[in-house]
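Every chain is numbered from 1, with letters handed out A, B, ... down the list of sequences. Worth knowing before you read on, the calculation uses all heavy atoms, side chains too, and leaves out hydrogens, waters and symmetry mates.
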2 protein chains.
Amino acid sequence: MARTESIVNELRNDIVAGVFPAGDRLIELQLCERYASGRAVARAALVQLESEGLVVRQPNRGATVRRISVSEAIEITEARSALERLIAARAARNATEIDRDELRGIVADMRISVANGDAARYSTLNRTLHGRLCEIGHHEIATDLVHNLRNRAVSHQYRLAMMPGRPNESLEQHAAIVDAVVAGDEAAAADAMEAHLGSVLSVLSRWGDAH
Amino acid sequence: MARTESIVNELRNDIVAGVFPAGDRLIELQLCERYASGRAVARAALVQLESEGLVVRQPNRGATVRRISVSEAIEITEARSALERLIAARAARNATEIDRDELRGIVADMRISVANGDAARYSTLNRTLHGRLCEIGHHEIATDLVHNLRNRAVSHQYRLAMMPGRPNESLEQHAAIVDAVVAGDEAAAADAMEAHLGSVLSVLSRWGDAH
DNA sequence: CGGTCGCTCATTGTTGACAATATTGTTGAC
DNA sequence: GTCAACAATATTGTCAACAATGAGCGACCG
């Protein structure tokens with residue numbers, strides 16, 4: 001009955017989507033009810049999500065959604081930057097003509113979204129672009145790590161997108177990445193990706209200083 | 001009674017140390033006996049180690065120690081390279097005078113070990129050096145990821161140390177890393193670290209081609 | 001009035017039994 | 001002799017009950 005494997009995915013999605021905000025207690029019985037499973041299964045999910053860094057469990061005190069401080073978010077983004085450099089370089093190396101067309105198309109759509117002020121669509125395209133780069137890069141280890149890091153810092157990404165002027169800045173950086181990937185220039189792709197995440201970092205650290 | 005938290009560490013150590021070779025079945029009841037714990041605890045440990053990439057679990061078919069192919073080991077080392085670049089750069093930024101002395105001392109000991117052909121001691125110093133760099137770098141996220149990646153590829157690292165001429169080559173690379181860190185040159189430290197792991201990669205890929 | 005002791009309750013930690021599933025070994029027919 | 005169906009075993013998956021722990025709260029005592 002209990003889809004043992006899938007409830008960890010459901011719970012992860014719910015945490016990332018903000019259904020359970022940071023700091024929320026995750027009580028096993030409630031999870032059992034919500035996901036229609038036994039307590040053992042819920043426990044296993046919590047153990048796994050703890051080792052993914054999304055949940056913190058204190059002995060005999062239960063589990064909570066992990067709070068990510070700004071300084072942690074910065075570290076996470078720095079690590080992401082290192083790994084996405086690698087992915088971008090690989091994408092530049094491996095991209096086929098079909099891939100190149102698709103990437104150009106995504107950037108074109110992004111341009112439209114920014115022009116229209118459609119933040120939600122831009123955010124979706126953002127995810128799509130990074131996701132496609134991961135697929136094109138064919139680097140499973142780095143891809144998995146990056147996905148995990150993205151999940152961990154998602155609460156901060158959210159705030160980021162709301163900053164005024166940010167979409168324009170971000171758009172040009174994404175365009176630069178795609179240009180380099182399409183040109184097959186590995187070093188340029190890595191540097192463009194690093195520049196993009198570096199700009200994310202500077203926003204994060206400014207915001208951190210202000211609090 | 002059951003040290004719920006510690007058995008995952010014990011099992012991880014045993015896997016990394018080769019007590020359970022790659023491909024070995026990890027039967028829950030045997031783990032219970034070995035670590036004097038209940039089955040639920042053993043299960044939890046397996047779930048966690050699966051998400052760390054050390055164990056693979058197939059539904060209704062049990063858990064085995066994950067086999068890491070050479071191509072996977074290459075990917076793991078590539079990801080490690082990206083992250084250790086970051087760590088080395090941070091170490092160069094943060095190292096105090098005391099840290100610098102210690103790093104120089106480790107390299108001096110390494111030189112002695114190589115001269116004496118003491119592979120075991122060299123291997124220990126190798127771990128010590130990378131570990132100290134992680135501590136000096138003060139980058140928890142990257143450090144955790146690197147530790148995990150090291151654990152995953154440990155079976156291949158082992159074979160690597162046995163290659164003739166390898167210790168000498170490796171020694172000079174480590175010396176270069178430490179020189180850059182001691183000099184406080186972030187970019188040079190990152191590049192030296194990348195060069196070091198690049199040499200590991202070339203050995204791995206040569207070995208992979210030969211099989 | 002303040003602090004500490006002990007009680008109660010919610011929640012987690014652990015155990016054991018049972019059901020479900022895969023693997024292995026065995027039998028029997030062709 | 002070979003193959004398929006079937007039985008036996010081994011192992012995992014699930015569940016429910018019980019023990020243990022920590023937090024909150026009120027009463028008791030200084």
Side-chain angles (χ1 to χ4, degrees), chain A residues 1-68 151-152, chain B residues 1-68 151-152:
Chain A
M1 174 210 275
R3 305 71 37 94
T4 314
E5 207 41 56
S6 83
I7 120 158
V8 65
N9 291 325
E10 295 182 36
L11 179 53
R12 186 191 300 113
N13 287 339
D14 285 343
I15 290 174
V16 171
V19 175
F20 298 107
D24 251 29
R25 291 194 62 184
L26 298 171
I27 291 160
E28 296 180 359
L29 284 175
Q30 295 177 1
L31 300 179
C32 296
E33 190 180 355
R34 179 173 233 270
Y35 302 109
S37 67
R39 210 155 69 89
V41 178
R43 271 179 89 72
L46 290 174
V47 168
Q48 176 163 350
L49 293 180
E50 179 180 37
S51 79
E52 290 182 18
L54 291 176
V55 160
V56 51
R57 291 195 329 142
Q58 294 168 296
N60 289 314
R61 303 233 257 129
T64 59
V65 179
R66 181 161 182 179
R67 288 180 200 273
I68 303 294
N151 281 343
R152 287 209 230 177
Chain B
M1 175 209 276
R3 306 69 37 94
T4 315
E5 205 41 56
S6 83
I7 121 157
V8 64
N9 291 323
E10 294 182 37
L11 179 54
R12 186 191 300 115
N13 287 339
D14 285 343
I15 290 175
V16 171
V19 175
F20 299 107
D24 251 29
R25 292 194 60 184
L26 298 171
I27 292 158
E28 296 180 358
L29 283 175
Q30 294 177 1
L31 299 179
C32 295
E33 191 180 355
R34 181 172 229 272
Y35 303 109
S37 66
R39 208 156 71 89
V41 178
R43 274 180 87 73
L46 289 174
V47 168
Q48 176 163 349
L49 292 180
E50 179 181 36
S51 79
E52 290 182 17
L54 292 175
V55 160
V56 50
R57 292 196 327 143
Q58 294 167 297
N60 287 316
R61 301 232 261 134
T64 59
V65 179
R66 181 159 184 180
R67 288 179 200 274
I68 302 295
N151 281 344
R152 288 210 230 177

Length of the line joining [X]:[atom1] and [N]:[atom2], which is rounded to integer Å:
{"X": "B:N60", "N": "C:dA19", "atom1": "CG", "atom2": "P", "value": "16 Å"}
{"X": "A:R39", "N": "D:dA17", "atom1": "CZ", "atom2": "C1'", "value": "10 Å"}
{"X": "A:Q58", "N": "D:dT21", "atom1": "CD", "atom2": "C1'", "value": "13 Å"}

Closest approach of [X] to [Y] (non-hydrogen atoms, all atoms of both residues):
{"X": "B:I7", "Y": "B:A45", "result": "CG1-CB, 4.0 Å"}
{"X": "A:S37", "Y": "A:A42", "result": "OG-N, 4.4 Å"}
{"X": "B:R12", "Y": "B:N151", "result": "CD-ND2, 3.6 Å"}

Roughly how far, to the nearest 0.5 Å, is [atom2] of [Y] from [atom1] of [X]?
{"X": "B:Q58", "Y": "B:E50", "atom1": "CD", "atom2": "CD", "value": "10.0 Å"}
{"X": "A:L49", "Y": "B:S51", "atom1": "CG", "atom2": "OG", "value": "8.5 Å"}
{"X": "A:L46", "Y": "A:L31", "atom1": "CG", "atom2": "CG", "value": "5.5 Å"}

Report all side-chain donor-acceptor pairs from residues 14-30 of chain B shorter than 3.5 Å, counting only partners two or more places apart or in another chain.
from	atom 1	to	atom 2	distance (Å)
B:D14	OD2	B:R34	NH1	2.6
B:D14	OD2	B:Y35	OH	2.6
B:E28	OE1	B:R39	NH1	2.6
B:E28	OE2	B:R43	NH1	2.8

| query | Taking C-beta and beyond as the side chain, do B:Q48 and A:Q48 meet within less than 4.5 Å on heavy atoms? | reply | no

| said: So, does B:R61 get its side chain near the phosphate of C:dT21, meaning an N or O under 4.0 Å from OP1 or OP2? | reply: no

| For the helix from C:dC1-D:dG30 to C:dC30-D:dG1, what angle lies between the axis at the first five pairs and the axis at the last five pairs, to 10 degrees? | 10°

| task | Answer with yes or no whether A:R57 presents, from its side chain, a donor or acceptor under 3.5 Å of a partner atom in the base of C:dG13. | result | no

| query | In terms of side-chain heavy atoms of B:R43, which of D:dT21, D:dA17, D:dT14 is nearest? | reply | D:dT14

| message | Expected output is a numbered-order residue list: members of residues 19-31 of chain B with a heavy atom under 4.0 Å from any atom of DNA chain D. What is it? | response | B:R25, B:L26, B:I27, B:E28

| note | Residue pair A:P59/A:A40 against DNA chain D: nearer the 5' end by closest nucleotide is A:A40

